[in-house]
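The next block holds one structure in the form of structure tokens; read it before the comments.
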Amino acid sequence: MADIAAGRSSTNGIAFLISFEVVVAIIAFACSSPQTAEINIQSRGGTLMKWVHIGEALSVAVIAIAAMIDRGHRAPILAGGAIAIGSSEALYQYAKASGLRNPGPGTEGQKPAGRWGG
């Protein structure tokens, strides 16, 4: 029978969540959101997707290092990273396809409104 108490005290879930968050944070660091990608894919598609892929590559390196350092949590670190990278790729590819299929007014070149927009 499984040792419920040992499972509850395990930090594998925490390692998984941290691995997932690292990937999401790196990609957010490297580019904007899938929503922005969809809106501006006509004008910035190549550049935006380049930075998504650079962020994913950096994520692979960071996750691999974490897995080497913390061998006891290697599986959840790798699983969290893989799921986050796969999710981000799917979200950005969907945003790209949706924006190309249904182009609308983007935000590029628009003068900001309000107090700071001048």
Side-chain angles (χ1 to χ4, degrees):
M1 182 180 275
D3 185 353
I4 305 267
R8 282 192 208 151
S9 65
S10 172
T11 57
N12 286 343
I14 294 168
F16 177 89
L17 291 172
I18 291 170
S19 176
F20 189 96
E21 175 57 28
V22 165
V23 172
V24 172
I26 287 171
I27 291 173
F29 171 75
C31 57
S32 58
S33 70
Q35 178 190 27
T36 303
E38 182 174 350
I39 293 168
N40 293 312
I41 202 70
Q42 295 288 331
S43 61
R44 296 193 303 152
T47 301
L48 193 137
M49 294 309 291
K50 173 184 82 173
W51 285 102
V52 168
H53 295 135
I54 289 171
E56 290 170 349
L58 180 56
S59 297
V60 167
V62 170
I63 295 304
I65 292 167
M68 286 187 286
I69 292 169
D70 188 355
R71 292 183 179 168
H73 296 102
R74 181 176 289 164
I77 289 170
L78 293 173
I83 290 171
I85 290 168
S87 298
S88 70
E89 183 67 22
L91 288 170
Y92 278 97
Q93 289 298 335
Y94 176 77
K96 178 181 177 182
S98 183
L100 291 173
R101 209 174 30 252
N102 300 308
T107 59
E108 298 295 308
Q110 294 180 5
K111 190 174 185 179
R115 179 177 174 188
W116 304 107

| task | Tell me, please, which residues at least two apart from Glu89 pass side-chain hydrogen bond (donor to acceptor under 3.5 Å, both in side chains). | result | His53, Gln93
| field | Rounded distance (nearest 0.5 Å) linking atom OH of Tyr92 with atom OG of Ser87 | value | 12.5 Å
| Would a hydrophobic clustering, with Ile, Leu, Val, Met, Phe, Trp and Tyr connected at side-chain separations under 4.5 Å, put Val60 with Phe20? | no
| said: Going by side-chain hydrogen bond (donor to acceptor under 3.5 Å, both in side chains), name the residues that satisfy it together with Ser98, two or more places apart in sequence or in a different chain. | reply: Glu38
| said: Donor-acceptor check, side chain of Thr11 to backbone of Ile14, threshold 3.5 angstrom: yes or no? | reply: no
| request: May I ask you to list the residues sharing a hydrophobic cluster with Met68, side-chain cutoff 4.5 Å, ordered by chain and number? | output: Ile65, Ile69
| Passes side-chain contact (heavy atoms from CB on, under 4.5 Å), Glu56 versus Ile26? Steps please. | CA-CA 8 Å; Glu56 290 170 349; Ile26 287 171; over 6 Å; no
| message | Just so I know, are the side chains of Glu21 and Ile18 near enough to count as touching, which here means a heavy-atom distance under 4.5 Å? | response | no
| Between atom OG1 of Thr36 and atom CD1 of Ile41, what is the distance when rounded to the nearest 0.5 Å? | 10.5 Å
| Is there a path from Leu91 to Trp51 through hydrophobic residues (I, L, V, M, F, W, Y) whose side chains come within less than 4.5 Å of each other? | no
| With a 4.5 Å heavy-atom cut-off, do Phe16 and Ile77 have their side chains touching? | no
| said: Applying a strict under-4.5 Å side-chain criterion to I, L, V, M, F, W and Y, I'd like to know whether Val24 and Leu78 cluster together. | reply: no
| field | Close side-chain approach of Arg74 and Asp70, heavy atoms under 4.5 Å | value | no
| What's the spacing between Lys96 NZ and Asn40 CG if we round to 0.5 Å? | 14.5 Å
| query | Any chain of hydrophobic side-chain contacts (each under 4.5 Å) joining Leu48 to Val23? | reply | yes
| Which distance, rounded to the nearest 0.5 Å, do you find between the CD1 of Ile85 and the CD1 of Ile63? | 6.5 Å
| request: Taking Ser19 for its side chain and Ala15 for its backbone only, find out whether a donor-acceptor pair lies under 3.5 Å. | output: no
